[in-house]
Structure formats: structure tokens, C-alpha cells
S.K.: 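Structure provided below as C-alpha cells; questions to follow.
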Amino acid sequence: MFPETVLRTERLLLRPFGSGDIPDTQASCSDPLTQQWLPLPQPYTLEDATSWCTNVASALRESGDGIHFAVTDSPNGRLMGTVGLKKTDWRARTSEVGYWISPWGRGVGIATEATRAVARWLLTEQRFQRLELRAATGNTASQKVALRAGFHREGILRDAGFVHNGRVDLVLFSLLPDDSTEPPL
């Protein structure tokens, strides 16, 4: 399993979830745009948020599946979203990154900054060989995050994703240790 970790960027603190994140997690996961692209419970209740923040996120790390960070604003500590690793293959040293950003944190590069931080940590300190990112073909904002974070577009995975409205095609992106986590100039 991954060690319990805290990461810092210029503006952000990425840390484990805690009970103080419950209200903002519920608000973020109830947001229509978040619900459009992620198959989260509908409605997303206070109980769902409590379970995620106090049990599920840490249990996923302890199971070896990945690690999930609360992305917070460094100056005030408010939850701005999450970035996490899942479907980790320890033998192959590969994982998949995913994220959601709170409505009040969108449009200012938080997803890109947090994704870059986790990618650097995974590919350097943890010595992984490949990081994947998958985004629905209709989720252009998430695809832009992938490209801005330095990922390379590999192709389309047909009918590979599931959202509330049914199955969707996914764009597959990847990042390798020799790739830069900075966008091309």
C-alpha cells in the first residue's frame, strides 16, 4: 500500500480526508456537473460524504487499491476537490489518476496542479512506470486537465465508462517517468 502522504504545491495542500471535509464533500459531490461525469450516489447524502471522508478513502489506501487526497487551499484549508490513484497494479507499477473539483474551485487550474503533484510523486518517489488518466469523450474540461498536466493522449476506449446516463467512450491518456509533468511550450 501507499504510505500515508501529504503533498504541497505553490497553492495547495494535498492530505488525507477528515471529518472536517464532510460538508464540502457533500456539496461538491451533489453538484450537477460532478454528477454528470461520475457515477456517485444520487442523491449524494451527508451519510455518503461521512463514509467517504472517515472510512472509505483510508480503506482504499489500506487495501492497496490507491490513495485519495483531499485537495485543499493552503491559506485557509478549505476543500477544493480531490485527486486520487486507483486500480493500482503493484507488480506492473501502474495506476490510474482521477479527480473532481468543487464548484468554488473550478477554472483556476487546481485540477492540473493537483494532478501534476500526484503524478510527480508517483513516478519519482514511488518509482511507478505508468500513470493513466481516463476521461469521457464529452468531458472536455477533464481532457484539458490531462493535457495541461503533461499527459499524452493515446486513443479512445469504446464503451469503457459508466455515468448516470449510461455507457460512454473514454479518452485514454498516459504519463511515463521520462515524460514531463509540465505542459509542452
S.K.: Got a sec, which hydrophobics cluster with Phe162, joining ILVMFWY side chains under 4.5 Å apart, including via others?
M.R.: none
S.K.: Which hydrophobic side chains are connected to Leu38, either touching it within the sub-4.5 Å cutoff or through other members that do?
M.R.: Phe17, Leu40, Tyr44, Trp52, Val56, Leu60, Leu79, Trp100
S.K.: Could you tell me whether Asp159 and Arg167 have a side-chain N and a carboxylate O separated by less than 4.0 Å?
M.R.: yes
S.K.: Could you state whether Leu7 and Leu131 fall into the same hydrophobic cluster, counting links through intermediate Ile, Leu, Val, Met, Phe, Trp or Tyr residues with side-chain heavy atoms under 4.5 angstrom apart?
M.R.: yes
S.K.: If we ignore hydrogens and angles and just use 3.5 Å, is the side chain of Asp21 paired with the main-chain N or O of Gly18 as donor and acceptor?
M.R.: yes
S.K.: My understanding is that only residues two or more places apart in sequence, or in another chain, count here; which of them pass side chain to side chain donor-acceptor pair (under 3.5 Å) with Arg158?
M.R.: none
S.K.: Specify whether Phe69 and Trp121 have parallel, tilted or perpendicular ring planes, treating 30° as the upper limit for parallel and 60° as the lower limit for perpendicular.
M.R.: perpendicular
S.K.: Arg106 and Thr34: side-chain donor and acceptor closer than 3.5 Å?
M.R.: yes
S.K.: Does Gln35 use its side chain to pair, donor to acceptor, with the backbone of Gln42 at less than 3.5 Å?
M.R.: no
S.K.: Taking atom types as modelled and ignoring hydrogens, do the side chains of His164 and Gln36 form a donor-acceptor contact shorter than 3.5 angstrom?
M.R.: no
S.K.: Within the side chain of Arg93, is there an N or O that forms a donor-acceptor pair under 3.5 Å with the backbone of Gln126?
M.R.: yes
S.K.: Check the surroundings of atom CG in Asn165: do more than 12 heavy atoms from other residues, nucleotides or ligands lie under 6.0 Å from it?
M.R.: no
S.K.: Got a sec, which hydrophobics cluster with Leu46, joining ILVMFWY side chains under 4.5 Å apart, including via others?
M.R.: Ile22
S.K.: Provide the full list of side-chain hydrogen bond (donor to acceptor under 3.5 Å, both in side chains) pairs with a residue in residues 129-143, sequence neighbours left out, each pair given once.
M.R.: Tyr99-Ser142, Arg130-Glu132, Arg130-Glu154, Glu132-Arg134
S.K.: Who pairs with Glu47 by side chain to side chain donor-acceptor pair (under 3.5 Å), at least two apart in sequence or on another chain?
M.R.: Thr45
